[in-house]
Amino acid sequence: RDAGDDSAVQSGWTDIDGEIRPMGAHADIGADESDGTDWPTGPLTVVRVSLEGNDANDGSSWSSAKRTVPAAVEAAALTGGDVWVKAGSYGASIVMKPFVHVYGGFAGVESMREQRDWHANPSILDGSFSGPVVSFNKGGYRVNTLDGMVVRNGQASLGGGILCDSSSPTIENNTVTANSASWWGGGIYSSSSSPSICGNTITGNSAKNGGGIYCDEGTIAGNTISRNHAASSDGLGGGICCGDALILSNAIAGNTAASGGGI
């Protein structure tokens, strides 16, 4: 902090978060100009969520679980940590916070994350067609996670299911389905980001371009990407529309578009 070379900073330059630099006595070294925030260092918290819970609870056990995922995300963000979501359908959309990792697939008795089964215990985030279901905004590189959730019924101009804006989260083991975007990325939209999109089922989503996924860069590996649609007459990429992404070992089938049905 304050240890950079001020002469290297041109007028109007911003850092990776879009904040003016230099900030403080001198420019900071690196991509991020410190704004004085003290980031959490632990101990890491586990906040549990159940349809039988109450947001007045602290989420420290299944018997004292919170009721909504957004309330649990806010609680976990205070120190950083996990949000464990019991099976059920949860109506609220989520704005993710740095150092918060959301995991679904719990029966509500587990004491370790490894005991969950997201196939047998679907934890559903239902966007009710009112914007992106999950949003990652300026969250940094691999500092938050969405894993083992069902993301459905999102509707937005960009990223009906999952929106990544200047964030590079881990998105794994989810089912992203029945989401739509009027422009880009029906299932997942990623811009100025490099997410890890691995092991997901991305199916039945639609957008003008990138029915399943739109991303400018990142890793797309080990997913099943099917029955997604780029809906306009000149739509690009029914399954995937991307720039400089690594696309590896996916099953891509049954997607449609005017150009590039699969990719």
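One-based numbering along the sequence shown. In this text the structure is predicted, and so the values were computed from the model without any measurement.
- Shown here for P70 and A92, the closest heavy-atom pair between the two residues is CG-CB, 3.6 Å.
- Under the side-chain hydrogen bond (donor to acceptor under 3.5 Å, both in side chains) criterion, D5 pairs with S7, not counting sequence neighbours.
- C215 pairs by the side-chain contact (heavy atoms from CB on, under 4.5 Å) definition with S190, I213, I220, C242, A245, not counting sequence neighbours.
- Looking at residues two or more places apart in sequence or on another chain, you find no side-chain hydrogen bond (donor to acceptor under 3.5 Å, both in side chains) involving S11.
- Side-chain contact between N179 and Q155: absent, with no pair of heavy atoms (C-beta onward) separated by less than 4.5 Å.
- How far SG of C241 is from CG of N228: 12.5 Å, rounded to the nearest 0.5 Å.
- The side-chain hydrogen bond (donor to acceptor under 3.5 Å, both in side chains) search around T170 returns none, not counting sequence neighbours.
- Counting heavy atoms from C-beta outward, S135 and M96 have side chains that stay 4.5 Å or more apart.
- Residue pairs that meet the side chain to side chain donor-acceptor pair (under 3.5 Å) test with at least one member in residues 209-219, sequence neighbours left out, do not exist here.
- Closest non-hydrogen pair, A257 versus L236, comes out as CB-C, 4.3 Å.
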Would S226 and T203 count as a side chain to side chain donor-acceptor pair (under 3.5 Å) if you check the C-alpha gap in whole Å, the side-chain angles of each, and the deciding distance to 0.1 Å?
CA-CA 5 Å; S226 67; T203 184; 3.2 Å; yes
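- Here the OG1-CD1 distance, from T14 to I20, works out to 6.0 Å after rounding to the nearest 0.5 Å.
- Closest non-hydrogen pair, G239 versus N255, comes out as N-CB, 3.5 Å.
- Once rounded to the nearest 0.5 Å, the distance linking CD of E110 with CD of Q115 reads 6.0 Å.
- The hydrophobic clustering, which links ILVMFWY residues whose side-chain heavy atoms are closer than 4.5 Å, places L125 and V73 together.
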S123 and K86: side-chain contact (heavy atoms from CB on, under 4.5 Å), yes or no, with the steps?
CA-CA 6 Å; S123 302; K86 184 180 176 180; 5.8 Å; no
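- Environment of CD1 in I16: sparse, with no more than 12 heavy atoms of neighbouring residues, nucleotides or ligands closer than 6.0 Å.
- Put simply, the side chain of T201 does not reach to within 4.5 Å of the side chain of V176, judged on heavy atoms.
- When side chains are defined from C-beta on, L163 does not count as touching V134, because their heavy atoms never get closer than 4.5 Å.
- The minimum heavy-atom distance between W183 and L158, with the atom names listed, is CB-CD2, 4.0 Å.
- Here the straight-line distance linking atom CG of N174 with atom CD1 of I162 works out to 5.5 Å at 0.5 Å rounding.
- Applying the salt bridge (Lys or Arg N to Asp or Glu O under 4.0 Å) criterion to D126, with sequence neighbours excluded, gives R152.
- Using a 4.5 Å heavy-atom cutoff, the side chains of I202 and I197 are in contact.
- With rounding to the nearest 0.5 angstrom, the CZ atom of R48 is 9.0 Å from the OG atom of S63.
- Here R1 contributes atom CZ and S34 contributes atom OG; the two are 3.5 Å apart, rounded to the nearest 0.5 Å.
- Partners of R113 under the salt bridge (Lys or Arg N to Asp or Glu O under 4.0 Å) rule, at least two apart in sequence or in another chain, are D82.
- Here the side chains of K66 and V47 are in contact, with some heavy-atom distance below 4.5 Å.
- Residues passing the side-chain hydrogen bond (donor to acceptor under 3.5 Å, both in side chains) test with S50 are E52, sequence neighbours excluded.
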Derivation of the side chain to side chain donor-acceptor pair (under 3.5 Å) call for D55 and T68:
CA-CA 7 Å; D55 282 346; T68 66; 2.7 Å; yes
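- Residues satisfying the ring pair (Phe, Tyr, Trp, His ring centres under 6.0 Å) criterion with F136, sequence neighbours excluded, are absent altogether.
- For the pair N223 and N200, the tightest heavy-atom approach, listed with the atom from each and the gap, is OD1-N, 2.8 Å.
- When hydrophobic clusters are built by joining Ile, Leu, Val, Met, Phe, Trp and Tyr residues whose side-chain heavy atoms come closer than 4.5 Å, directly or via intermediates, I188 is grouped together with I252.
- A 4.5 Å side-chain heavy-atom check between N153 and V133 finds every atom pair outside the cut-off.
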Between H101 and T145, is the side chain to side chain donor-acceptor pair (under 3.5 Å) condition met? List the steps.
CA-CA 4 Å; H101 308 274; T145 302; 2.7 Å; yes
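- Closest heavy-atom contact between S167 and S193: O-CB, 2.5 Å.
- Between T79 and L44 the shortest side-chain heavy-atom distance does not fall below 4.5 Å.
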Hey, mind stepping through M149 and V85 against side-chain contact (heavy atoms from CB on, under 4.5 Å) and telling me if it holds?
CA-CA 9 Å; M149 302 294 294; V85 185; 4.1 Å; yes
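- Listed by chain and number, the residues in a ring pair (Phe, Tyr, Trp, His ring centres under 6.0 Å) with F106 are W62, W84 (sequence neighbours excluded).
- Taking the salt bridge (Lys or Arg N to Asp or Glu O under 4.0 Å) definition, one finds that D147 meets it with R116, sequence neighbours left out.
- Residues satisfying the ring pair (Phe, Tyr, Trp, His ring centres under 6.0 Å) test with W118, not counting sequence neighbours, are none.
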